[in-house]
Amino acid sequence: MYMYKVCLLSFLLFLLGCDFSGSTTPKVSQSQTECKSDAPCIFANQVKVWLSEETLSPETPFSIYAQLPAGVIITAAKLEGVTMYMGYIPVQFKNQGSVWVANTMVGICSEKNMVWKLILTTVDTNTATSENVEYFFNVTY
């Protein structure tokens with residue numbers, strides 16, 4: 001009886017750890033997919049992010065724009081491949097008045113439709129609170 005309980009418990013733990021969705025593509029929340037690339041996407045901390053183009057191609061320069069609330073600055077930014085691991089690309093934002101701008105590009109890979117993620121780290125200079133914004137976008141060829 002003891003062996004039966006151990007086997008049953010082990011099997012149940014195995015089932016809890018498995019993902020039977022059949023999807024190998026990383027999941028992106030609905031709110032992130034509702035953002036159009038060339039229109040501001042507003043996050044909970046009032047950070048707005050958008051791209052210079054609606055449709056992006058690999059190895060083609062584009063700009064990323066960010067508008068931040070008063071007293072908030074960008075301290076770090078990088079691009080990461082979501083669909084396929086491609087390392088990360090550091091992104092340098094420059095403050096141009098009320099908008100922060102970064103000029104960048106992404107590499108080409110074997111996936112014709114690649115999801116990328118911008119990880120933008122911001123700091124509120126008044127409270128020293130740091131937050132990350134994750135902005136997802138597609139690159140196709």
Residues 108-115 side chain polar contacts: donor-acceptor under 3.5 Å, at least two apart:
none

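- N103 and S63 share a donor-acceptor pair across their side chains, judged by distance under 3.5 Å alone.
- Taking CE of M84 as the reference point, atom CH2 of W116 lies at 10.0 Å (rounded to 0.5 Å).
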Open item on the list: Evaluate E131 against N45 for side chain to side chain contact (heavy atoms under 4.5 Å, CB included), listing each step before the verdict.
Closed with: CA-CA 8 Å; E131 287 188 88; N45 59 357; 3.5 Å; yes

Task: Residue pair E80, Y85: steps toward the side chain to side chain contact (heavy atoms under 4.5 Å, CB included) verdict - done: CA-CA 7 Å; E80 289 183 355; Y85 179 73; over 6 Å; no

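- Atoms CG and OG1, on L120 and T75 in that order, are 8.0 Å from each other to the nearest 0.5 Å.
- Atom CG of residue L68 and atom CZ of residue F43 lie 11.5 Å apart, to the nearest 0.5 angstrom.
- Considering V49, V47, L79 as possible partners of Y135, the one that fulfils the side chain to side chain contact (heavy atoms under 4.5 Å, CB included) test is V49.
- Separating the CG atom in D124 from the OG1 atom in T129 is a distance of 5.5 Å, to the nearest 0.5 Å.
- E59 contributes atom CD, which lies 7.5 Å from atom CE of M105 (distance to the nearest 0.5 angstrom).
- In this structure, Y65 and W50 have parallel ring planes: the angle between them is below the 30° cut-off, well short of the 60° mark.
- Atom-to-atom distance recorded for T104:OG1 and L56:CG is 10.5 Å, nearest 0.5 angstrom.
- Under the 3.5 Å distance criterion, the side-chain polar atoms of T122 are left unmatched by any main-chain donor or acceptor of I74.
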